[in-house]
Amino acid sequence: MGQPLEWGRRYLMVRPDHFRIDYVINPYMSTQDQPDPVLALKQWESLRQAIVDAGGSVEVLDQRPDSPDMVYAMNLGLAAADGRAMLSHMRFEPRRKESLSAADWFTGHGFALARTGGEGIGPHFESGDAFVFGDGLVVGYGPRTEAEALKHLATEWNIRVRGLRIAHEGMYHLDLPFCPVDSTHAMIYPPAFDAASQAELAGIVPDPIVLTDEEAFAFTANSLVVGETIIMPACSERLHEVFTGLGLRVVVLDLTEFHKGGGSARCLTNPLDFPLAPIATPGGELILPV
């Protein structure tokens with residue numbers, strides 16, 4: 001059995017004061033299917049409270065009126081427990097204004113901020129593609145994050161980066177087909193990746209919890225573990241048995257208003273405490289699937 005995750009106790013969230021669907025940048029979005037603002041706020045608050053009830057802490061950043069997707073805070077930047085943060089450089093222009101507010105928040109809260117290029121001009125990187133797991137920072141690339149950004153992460157922070165190429169349009173960020181559960185277990189959806197990455201994934205996750213199609217497209221992997229609690233937008237009976245067998249308390253929340261924008265529990269929460277010391281390596285190391 002794996003050990004509890006070393007991270008996932010402190011989060012940044014963005015209250016959905018201006019959440020709406022103004023454009024389409026993933027297969028789940030439709031401008032004809034707008035979220036209910038009252039229900040969305042209720043669902044968001046239930047997630048915030050669940051994190052606090054599980055022993056975590058939540059800090060809240062105000063949402064920009066011109067950034068309807070900013071509520072998906074996971075993509076604001078990659079934050080480490082040692083006070084470093086890598087600001088996201090969004091692929092799609094409508095989301096780039098979010099980084100202006102995120103940069104101010106990170107620096108205002110004592111984070112030393114870096115970018116994947118000068119003033120964000122460089123390879124695209126979106127932090128919903130990155131998790132510390134095992135001996136490295138596991139980073140998905142392809143739909144949103146570019147492969148060149150992984151090299152920058154490795155050398156900028158002197159860490160080991162393990163890349164996985166995402167090859168499924170419905171799994172455009174790593175936080176949709178991959179979810180760390182403890183030090184050895186992770187939920188994975190192999191069809192999200194190309195063949196070489198699937199082979200690489202087998203070496204990254206000692207104890208995989210393989211999702212069915214139905215589980216994957218219910219946003220099941222877009223969950224988060226806070227201490228001994230796993231907070232999920234959906235959980236099949238099979239998975240409930242798996243997680244309780246690992247000693248976790250399962251909390252299932254209705255977050256369907258946020259599914260309209262292509263995200264769920266994990267997308268709405270940005271962990272601020274990823275540990276980089278265990279994955280440090282002089283000069284950095286990048287391992288890509290071959």
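Sequence positions, counted from 1, serve as the residue numbers for this chain. Heavy-atom basis, side chains included; hydrogens, waters and symmetry copies ignored.
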Heavy-atom closest pair, residues M187 and T220: CE-O, 3.6 Å
Taking the ring of H168 and the ring of F217, is the distance between their centroids below 6.0 Å? yes
What verdict does the side-chain hydrogen bond (donor to acceptor under 3.5 Å, both in side chains) test give for Y11 and D273, after you've listed the backbone C-alpha separation in whole Å, the side-chain angles of each residue and the deciding distance to 0.1 Å? CA-CA 8 Å; Y11 292 92; D273 55 357; over 6 Å; no
Out of curiosity, T145 OG1 to Y172 OH, how far, rounded to the nearest 0.5 Å? 12.5 Å
So, for F19 and Y72, is the gap between ring centers shorter than 6.0 Å? yes
Sub-3.5 Å donor-acceptor pair from the side chain of Q198 to the main-chain atoms of P190, do we have one? yes
Determine, step by step, whether E257 and K260 satisfy the salt bridge (Lys or Arg N to Asp or Glu O under 4.0 Å) criterion, reporting the C-alpha distance in whole Å, the side-chain angles of both residues, the deciding distance to 0.1 Å, and the verdict. CA-CA 6 Å; E257 290 305 293; K260 296 175 181 179; 3.0 Å; yes
What are the two closest heavy atoms between A103 and T107, and how far apart are they? O-OG1, 2.9 Å
Is a salt bridge present between R48 and E45, judged by a nitrogen-to-oxygen distance below 4.0 Å? yes
Check against side-chain contact (heavy atoms from CB on, under 4.5 Å), L211 and L239: CA-CA 9 Å; L211 301 181; L239 290 175; 3.8 Å; yes
Test your reading of the model: is there a side-chain donor-acceptor pair from S127 to the backbone of G77, 3.5 Å cut-off? yes
Check F258, Y189, Y28 against F219 for a ring pair (Phe, Tyr, Trp, His ring centres under 6.0 Å) and give me the one that passes. Y28
Verify whether one side chain among N75 and S88 offers a donor that lies under 3.5 Å from an acceptor in the other. no
Checking S236 against E215: is there a side-chain donor and acceptor pair closer than 3.5 Å? yes
The reported gap from OG1 in T155 to CG in L150 (rounded to nearest 0.5 angstrom) is 10.5 Å
Looking only at atom types and distance, does a side-chain atom of S57 sit under 3.5 Å from a main-chain N or O of R10, one as donor and one as acceptor? no
With side chains defined as the heavy atoms from C-beta onward, is the minimum distance between T116 and E148 less than 4.5 Å? no
Compute whether any side-chain donor of one residue and acceptor of the other, for H259 and S264, lie under 3.5 angstrom apart. yes
Consider only side-chain heavy atoms of I, L, V, M, F, W and Y, link residues closer than 4.5 Å, and tell whether M13 and M70 are in one cluster. no
Check whether R95 reaches the backbone of E93 with its side chain - one donor and one acceptor, N or O, closer than 3.5 Å. no
To the nearest 0.5 Å, atom CD of E146 lies from atom OH of Y141 at 12.5 Å
Any chain of hydrophobic side-chain contacts (each under 4.5 Å) joining L286 to L201? yes
When rounded to the nearest 0.5 angstrom, what is the spacing between OG in S101 and CG in D66? 7.5 Å
Where do A85 and W157 come nearest, in terms of heavy atoms and distance? C-CZ2, 3.5 Å
Please check if the side chain of N158 supplies one atom and the backbone of G283 the other of a donor-acceptor pair under 3.5 Å. yes
Between L248 and D182, is there a side-chain heavy-atom distance shorter than 4.5 Å? no
Residues I231 and A265: closest non-hydrogen pair is O-CB, 4.3 Å
Side-chain contact test, heavy atoms from C-beta onward, threshold under 4.5 Å: evaluate it for L224 versus I51 and give yes or no. yes
Within-4.5 Å side-chain heavy-atom neighbours: E200 and F193: no
Do I230 and V210 sit in one hydrophobic cluster, given that two such residues count as connected whenever their side-chain heavy atoms are within less than 4.5 Å of each other, even indirectly? yes
Okay, side chain of W44, backbone of V14: is any donor-acceptor separation there less than 3.5 Å? yes
Around atom CD of E59, are there more than 12 heavy atoms from other residues, nucleotides or ligands closer than 6.0 Å? yes
Kindly indicate, with the supporting measurements, whether the criterion side-chain contact (heavy atoms from CB on, under 4.5 Å) is fulfilled by R64 and L100. CA-CA 10 Å; R64 296 173 63 99; L100 300 174; 3.8 Å; yes
Decide, yes or no, whether a salt bridge links E285 with R160 under the criterion of side-chain N to carboxylate O below 4.0 Å. yes
I'd like to check F131 versus P271 (side-chain heavy atoms, cut-off strictly below 4.5 Å). Are they in contact? no
Go through the steps for L78 and L137 under the test side-chain contact (heavy atoms from CB on, under 4.5 Å), then give the verdict. CA-CA 11 Å; L78 181 69; L137 181 70; 3.8 Å; yes
Are the side chain of T184 and the backbone N or O of P206 linked by a donor-acceptor pair below 3.5 Å? no
Say whether M90 and L87 are linked into one hydrophobic cluster, either directly or through other cluster members, by side-chain heavy-atom distances under 4.5 angstrom. no
Can a donor-acceptor pair be found, under 3.5 Å and without considering hydrogens, that links the side chain of S67 to the backbone of Q63? no
Going by heavy atoms in the side chains, are E6 and P278 under 4.5 Å from each other? yes
Quick check: closest heavy atoms across A221 and P177, and the distance to 0.1 Å? CB-C, 4.2 Å
Decide side-chain contact (heavy atoms from CB on, under 4.5 Å) for F133 and V205; before the verdict, give the C-alpha distance in whole Å, the side-chain angles of both, and the deciding distance to 0.1 Å. CA-CA 8 Å; F133 185 79; V205 183; 3.9 Å; yes
Output yes when a side-chain donor or acceptor of N270 lies under 3.5 Å from a complementary backbone atom of L12, and no otherwise. no
Taken to the nearest 0.5 Å, the spacing of L174 CG from R144 CZ works out to 13.0 Å
Determine, using the 4.5 Å side-chain heavy-atom cutoff (strictly less than), whether M74 and V132 are members of one ILVMFWY cluster. yes
Do the side chains of M29 and D69 get nearer than 4.5 Å, heavy atoms only? yes
Specify whether H124 and H89 have parallel, tilted or perpendicular ring planes, treating 30° as the upper limit for parallel and 60° as the lower limit for perpendicular. tilted
With distance as the sole test, does W105 use its side chain to make a donor-acceptor pair with the main-chain N or O of L61 at under 3.5 Å? no
If you count every heavy atom of other residues, nucleotides or ligands that lies below 6.0 Å from E156 atom CD, does the total exceed 12? yes
Compare every heavy atom of G170 with every heavy atom of P27, then report the nearest pair and how far apart it is. CG-CA, 4.1 Å
Interatomic distance, S197 atom OG to I166 atom CD1 [nearest 0.5 angstrom]: 8.5 Å
For the residue pair F178 and D129, establish whether any side-chain heavy-atom pair is separated by less than 4.5 Å. no
Side-chain ion pair, R91 and E126, N-O less than 4.0 Å: no
